[in-house]
Amino acid sequence: MSETKESSSEKSSAVKNILILGATGYIGGALCRKLSQTQDCAVFALVRRSSDIEGIKPFCKKIIRSQKIEISSNDVAEAIRKHDITTVINLAWHIPPEPTKEAQFAKDRIALEAALHGARAVSPDIHVITTSGNFSLITANGGRITETPPPKGYTRPEYLVCIDLLVGVNVLKDALVEEYISNGGNASIVYPSSVYGSAPTRGSFWDFAIQQFITGKPHQGYQPFPPDFMTAWIHVEDLADCYIAAARKGSKGGHYLAAPENLSISQMSTLFAEAARVEFVAPVFENKDKVIFDDSHTREVLQLEWKYKVADEVKVWVERIKELGTYFLE
């Protein structure tokens with residue numbers, strides 16, 4: 001079976017050929033779908049040998065398998081040269097998570113370094129867009145959180161200790177990207193906030209975590225979600241628009257925060273429970289650190305307008321989780 005999307009006509013020279021690593025994942029699948037709906041972008045997916053590509057076949061001009069088990073810089077460089085790639089977007093994340101941040105980082109850095117070093121091997125003009133997370137931006141000062149990365153040696157707030165692995169791995173990955181930029185590399189970082197909504201490939205971390213928070217009980221060996229805290233939320237379709245805007249308008253060394261709606265875990269869980277029609281008594285949340293995510297700079301620079309609202313989309317999200325068979329609320 002062919003792994004390419006047939007095209008009735010050749011793409012114009014104005015079209016950006018974009019190579020995606022992590023295309024079969026949650027965000028990657030949504031991005032492939034969104035890119036396929038544009039007139040100025042063509043989707044090329046570089047996937048591992050073992051990846052299930054059925055969910056992204058309709059959206060990709062070409063799907064390329066890695067030569068070995070893991071994606072390498074040679075795979076990336078070859079794809080760039082062969083398909084005239086102008087932008088590489090890395091969304092790859094090793095799952096299931098490893099037990100320590102060191103072990104997780106060892107896995108996650110493979111695709112990240114493949115993207116960076118593969119691009120550099122071909123041309124300094126290739127734009128590499130990498131992925132971090134909104135928790136990576138938190139500093140000990142709390143308060144207003146923007147796209148500015150924390151300084152070296154910052155103290156992590158106590159309430160983030162519970163997700164130390166996620167935060168720690170992103171900070172380590174970000175350091176690789178910043179080093180690449182400081183050495184002349186053309187890269188930028190997108191910081192997605194907590195992502196929800198329906199993608200064509202699979203569900204998200206929050207599909208499971210929100211249900212865990214609501215039940216307060218272990219599920220399939222996992223303990224209940226940790227204490228309540230403030231985060232921000234973005235629909236996966238809005239996030240896909242952010243990556244596309246970064247590919248079109250982003251600049252070398254750019255930092256882009258995608259964080260439209262500030263809601264605590266309990267606030268989101270309340271909306272989720274209402275949509276699922278299950279009983280849930282939310283804890284009283286006090287935003288003691290006065291955390292508020294502000295992505296106004298990103299919206300201005302990338303000329304973005306967020307289209308989706310949690311209150312309007314949570315019911316569809318619940319139905320998608322049921323469709324995927326990962327719904328376990330009673």
Side-chain angles (χ1 to χ4, degrees), residues 11 13-25 27-28 31-32 35 40-49 51 60-94 104-133 136 147 149 152 169-192 242-256 301-302:
K11 298 283 186 181
S13 59
V15 169
K16 279 181 174 288
N17 289 342
I18 297 180
L19 183 68
I20 301 178
L21 281 64
T24 60
I27 299 172
L31 178 57
C32 288
L35 281 166
D40 63 336
C41 297
V43 187
F44 293 78
L46 176 56
V47 302
R48 298 181 182 92
R49 278 182 173 181
S51 294
C60 298
K61 183 173 181 180
K62 188 170 185 62
I63 300 173
I64 308 157
R65 296 280 189 183
S66 62
Q67 296 177 31
K68 298 181 179 180
I69 295 174
E70 297 289 348
I71 292 171
S72 70
S73 58
N74 288 337
D75 291 323
V76 174
E78 183 177 325
I80 292 172
R81 292 189 180 102
K82 188 173 182 179
H83 302 291
D84 195 23
I85 301 295
T86 59
T87 304
V88 179
I89 301 178
N90 181 49
L91 292 161
W93 185 59
H94 174 75
Q104 183 70 30
F105 176 58
K107 296 285 188 179
D108 283 353
R109 71 183 301 171
I110 295 172
L112 174 58
E113 291 184 321
L116 296 172
H117 299 326
R120 171 170 280 171
V122 179
S123 169
D125 296 326
I126 303 298
H127 184 196
V128 182
I129 302 173
T130 66
T131 304
S132 184
S136 310
E147 298 83 356
K152 290 183 178 180
V169 171
N170 279 336
V171 170
L172 291 171
K173 289 160 61 178
D174 292 351
L176 292 180
V177 181
E178 297 293 357
E179 181 181 8
Y180 181 83
I181 294 168
S182 68
N183 290 329
N186 182 12
S188 55
I189 303 175
V190 171
Y191 298 91
C242 183
Y243 280 101
I244 294 170
R248 289 170 174 159
K249 306 180 181 74
S251 60
K252 177 180 176 181
H255 297 80
Y256 309 112
V301 170
L302 298 183

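Both backbone and side-chain heavy atoms feed into the values below; hydrogens, waters and symmetry mates do not.
- In this view, Tyr256 satisfies the ring pair (Phe, Tyr, Trp, His ring centres under 6.0 Å) rule with no residue, not counting sequence neighbours.
- Contact between Ser136 and Asn170 at its shortest, heavy atoms only, is OG-CB, 3.0 Å.
- By the neighbour-count criterion of 12 heavy atoms within 6.0 Å, atom NZ of Lys68 is sparsely surrounded, having that number or fewer from other residues, nucleotides or ligands.
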Exercise for review: Just do the salt bridge (charged side-chain N to carboxylate O under 4.0 Å, His left out) check on Lys173 and Asp108 with the steps written out, would you?
Suggested key: CA-CA 8 Å; Lys173 289 160 61 178; Asp108 283 353; 3.8 Å; yes

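- Taking CZ of Arg49 as the reference point, atom CG of Asp75 lies at 9.5 Å (rounded to 0.5 Å).
- Side-chain contact check for Leu91 versus Leu21: every heavy-atom pair is 4.5 Å or farther apart.
- Leu116 contributes atom CG, which lies 10.0 Å from atom CD of Glu179 (distance to the nearest 0.5 angstrom).
- The minimum heavy-atom distance linking Ala121 with Ala77 is given by the pair CB-CB, 4.5 Å.
- The line from CD1 of Ile20 to CD1 of Ile27 is 11.5 Å long, rounded to the nearest 0.5 Å.
- Two residues are said to be in side-chain contact when any heavy atoms from C-beta on lie closer than 4.5 Å; Thr87 and Leu19 fail this criterion.
- Here the CZ-CD1 distance, from Arg65 to Ile71, works out to 10.5 Å after rounding to the nearest 0.5 Å.
- For Lys82 and Glu78, the salt-bridge test fails: no basic side-chain N is under 4.0 Å from an acidic carboxylate O.
- Taking 4.5 Å as the limit, some side-chain heavy atom of Val190 sits within range of a side-chain heavy atom of Ile129.
- For residues 111-133, there are no ring pair (Phe, Tyr, Trp, His ring centres under 6.0 Å) pairs, not counting sequence neighbours.
- Side-chain atoms of Gln104 come within 3.5 Å of backbone atoms of His94 as a donor-acceptor pair (strictly under, hydrogens ignored).
- Considering all non-hydrogen atoms of both residues, Val128 and Ala119 come closest at CG2-CB, 3.5 Å.
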